[in-house]
There are 2 protein chains.
Amino acid sequence: MSGLSDRVARINDVLCAVNALEWDTRVMMPRGGAESRGHQIATLKGLAREMILDPALADAADAARHGGDPLEREAAASVAEAIAYHARIPADLLRRKAERSALAGAAWAEARARSDFALFLPHLEAMVALSRETAAALGGAGHPYDPMVDLFEPGETAASLDAFFGTLRAGIRPILDVALGRPKPRTDFLARDYPVEGQQRFARHVAAWLGYDFDRGRLDTAVHPFEISQTRSDVRITSRWPRDYLPMSIFGTIHETGHALYEQGADPVLVRSAHTTDLRGLYAVAGTSFGMHESQSRLLENHVGRSRGFWEVHFGMLRDIFPDQLSDVSVDEFVAAVNRVEPGFIRVEADELTYDLHIMLRVRLEVAMMEGALAPADLPAAWNEGMRADLGLDPPDDARGCLQDVHWSHGYMGSFPTYTIGNVTAAQIMDRLRRAAAGLDAALAAGDLEPLRARLSEAVWRKARRQPRAALVAGLGGDAGDPRPYLEHLRSRFAAT
Amino acid sequence: MSGLSDRVARINDVLCAVNALEWDTRVMMPRGGAESRGHQIATLKGLAREMILDPALADAADAARHGGDPLEREAAASVAEAIAYHARIPADLLRRKAERSALAGAAWAEARARSDFALFLPHLEAMVALSRETAAALGGAGHPYDPMVDLFEPGETAASLDAFFGTLRAGIRPILDVALGRPKPRTDFLARDYPVEGQQRFARHVAAWLGYDFDRGRLDTAVHPFEISQTRSDVRITSRWPRDYLPMSIFGTIHETGHALYEQGADPVLVRSAHTTDLRGLYAVAGTSFGMHESQSRLLENHVGRSRGFWEVHFGMLRDIFPDQLSDVSVDEFVAAVNRVEPGFIRVEADELTYDLHIMLRVRLEVAMMEGALAPADLPAAWNEGMRADLGLDPPDDARGCLQDVHWSHGYMGSFPTYTIGNVTAAQIMDRLRRAAAGLDAALAAGDLEPLRARLSEAVWRKARRQPRAALVAGLGGDAGDPRPYLEHLRSRFAAT
């Protein structure tokens, strides 16, 4: 290994250790450990930052840039970008953001539990101010939202999203009108009593069937499910198991499995040098962007997990595990129930068709807060007005309104667009793979995942973070910014004649 | 915080993160994660070493040494000692030892599984050579064993141990003769079928009763049980649950709980600066010495857990959990069974009376290997000869002989003495506490732990690593090097008339 690879590997070791600690914090840590864990993570992130800003790393990148190894040259460019990024963010700002984020997270949890926006307001004001300070430090001539969304989805801006979401919204509306005019399917059986042990058995079975490698991962329990990776050889997923709402554990597990396959499926040689693209955000393993990552979770969750072919294969086992709860349910009824359309207050419980309307509302609001057009104090009113306009609903309280999501308390301004970008990208990829392989849909309809898995593995997972989203879709002959294949998917699922 | 405290806190953060990763490695990690985990731990240990050898740390220690804060002055002395220690060990030697240790560990596991000493021999030779190189680097005019045992038990030497063990062996022998001449108690019921879930329920109950704080810890499963701490607020224990041998999980859990109470019971203010004493061995939390730590695990396991008073309280619950297995057993029979004396081949299964004979054999052999008097190739013969002389047993194979322990494959030359030192120290502490508080034994006999726990908390746990073993025992009016209270304990338990 060259000096550059050695240095990058050491930085990645530290960042992977941070991910291991984050996993422990959310899944295993006794509550008494919170304070000292905070110190540990802050110290390790600080060390990683020092290692990135060590002038010797820049020297090593310079040397590699003029060397003969193409992977090393690629790594050198990523490293230079990471150094430039970290050099622009003062350590003091990072520290203040981390400190405030810890306080804001606790205040948010209490505010949501008590549905009391006033408790959260000063922290939201502080986080917005810190985000504006971060945007100013990162610079650029555009909208203050631009440097923030760029952290999660490089290349996107307030303007690009505005145009993109406009097209999407205009396309979703008529589909929603058709869907809402249709008779409601039965859903009573989804809320029967489902013991946790059976849910976990089914979730493990499904994850393994989808290709999740339990020798390089674990499935555990978390309040807010997530996937987290150290390297491709240790990629862990979590789910939750409410006894009175079966879809949560099933689709949550499939979603996180999609994230995990993107990590586990990376080619160990190809990704070696490209690990460096992760250094910018101080995350060891995060794919090329949040939207790229999300495309794989949404592809598995919606295109595979909610398909009739999938349930042809798995409904029998589910009914074997829960015979009392599902004896009066047919596979058609089950598929219809998990695809029902029903506007609601809560994003994480939204159906596939209304989900993006929740996202677009949040993006409009965070853009307005970043540019100063919306004062945090006015957020509840703006939120409720948006819900009425978009979904025809009046949130009964702020807990089921603007306090429902954790993101803003963490300072994740600019991350919401990536959920919808993931949906659109998943449909683009499916569309391109279908065109290239005629038998794909027939196989899926017959419950055979193998042809799709082989193509995803080759076209997406194997090259993992060496291919940014737009380049990957372009390489398949598609256009990542074109929502038409996604709208076509929604239309055929929810408004086919 | 001064510059010194800040720097030490950061180093401790890194070392605590290492402990969190070690726990994960042994309890949670999927097997695919082993290689990248090895890199992470090596990188973090390397960073900690660089932070210790950073000249700015020495400057901060110098400044604190002349400052007015007594805790800071104490910390400065410990830091200076840590710096001197690490400065003497070349990074290259550490790296070679770590690399060889990973190979040797795998080779040992295979050699033990196949009972094939030849597989392990080249690795043992390498580890002995590396230990001799380490001893030479650490220096000193004495026996090459001295700097090694000093890592685990500061102040002890080959000569001091020789004298100490000589007295102990001479005292144990006549007690063993009496014990072996007595009728054997019933032990058949210990090997009945005990489902794991019930064992875990009982273990959790006992740990909590002993004072283990589950808000600052967890009890999990490990192949080789251990306790590991990050700070006093996250102290985790493990046990194992063989269905066909009940004492393993019970006494294993009590043992690790004893280690944990020593950590959880530390006063958060008093231990702050003294954290620095741990920097020498690159372990964040290890008490003042292994023997000090072990004294608390053995005290709980043997003086409390094997006492009649303990089982007066807990046998009812155990029988409630396992009614079929224990319906024909009285509490007297149970106590007699868990205190039976029966020489055997395996150290970790040994009874309290023969345990130290296993230890003394290992110490004789590792001293001889360190001085070059015993070639690793001759270890099996020397081992078997020792077992015949000390316990009258002929090991049937090397798996049940010199391959049974993991220590030498890890390069832990010099750690074995601390097990027996722990036993002797536990008895010294019990003896001194008894003299100072007349009602202690009566309370224990009545199953009341509170008086003992209050005294241990004040005299031992609270000051934790600010009190080295010898000073702690001297402070109670005892002598840590005097085995008589331990022999008296063994005599009254196993040879009382």
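Lettering of chains follows the sequences in order, A, B, ..., and the numbering in each one begins at 1. Note that the coordinates shown come from a computational prediction; the quantities given were computed from them, not determined experimentally.
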Query raised in the report: Just wondering, do V196(B) and R243(B) contact through their side chains at under 4.5 Å, heavy atoms?
Result: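 Touching, per the 4.5 Å side-chain cut-off.
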**Report entry** Heavy-atom pairs under 4.5 Å with chain B, option from R216(A), R31(A), M29(A) with the top count
**Finding:**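 Of R216(A), R31(A), M29(A), R31(A) has the most heavy-atom pairs under 4.5 Å with chain B.
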Query raised in the report: Hey, which of D220(A), D234(A), D215(A) has the most heavy atom pairs under 4.5 Å with chain B?
Result: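 Looking at each option in turn, the highest pair count goes to D215(A).
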Report task. Could you walk me through whether D267(B) and R232(B) pass salt bridge (Lys or Arg N to Asp or Glu O under 4.0 Å), step by step? Result -> CA-CA 9 Å; D267(B) 183 299; R232(B) 61 184 290 287; over 6 Å; no
Query raised in the report: Given a strict heavy-atom distance threshold of 4.5 Å, which part of E50(B) is in contact with chain A: side chain, backbone, both, or neither?
Result: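 When you check distances to chain A, only side chain atoms of E50(B) fall under 4.5 Å.
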Query raised in the report: Measuring heavy-atom distances to chain A, does D24(B) have an atom under 4.5 Å in its side chain, in its backbone, in both, or in neither?
Result: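 Just its side chain gets close to chain A.
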Query raised in the report: Should the pair H259(B) and H255(B) be assigned to parallel (<30°), tilted (30 to 60°) or perpendicular (>60°) ring geometry?
Result: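 Perpendicular, since the angle between the ring planes exceeds 60°.
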Query raised in the report: According to the interplanar angle, ranging from 0 to 90°, do the rings of H293(B) and Y262(B) count as parallel (below 30°), tilted (30 to 60°) or perpendicular (above 60°)?
Result: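 If you compare the ring of H293(B) with that of Y262(B), the planes turn out perpendicular.
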Report task. Could you look at M51(A) and say if it's the side chain, the backbone, both or neither that has a heavy atom under 4.5 Å from chain B? Result ->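 Just the side chain, heavy atoms under 4.5 Å.
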Query raised in the report: What option among G33(B), A42(B), S233(B), G217(B) has the most heavy-atom pairs under 4.5 Å with chain A?
Result: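 Option with the top pair count is S233(B).
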Requested in this report: Starting from the C-alpha separation in whole Å, work towards a yes-or-no answer on side-chain hydrogen bond (donor to acceptor under 3.5 Å, both in side chains) for Q230(B) and R37(A).
Outcome: CA-CA 9 Å; Q230(B) 298 176 46; R37(A) 175 56 52 78; 2.8 Å; yes
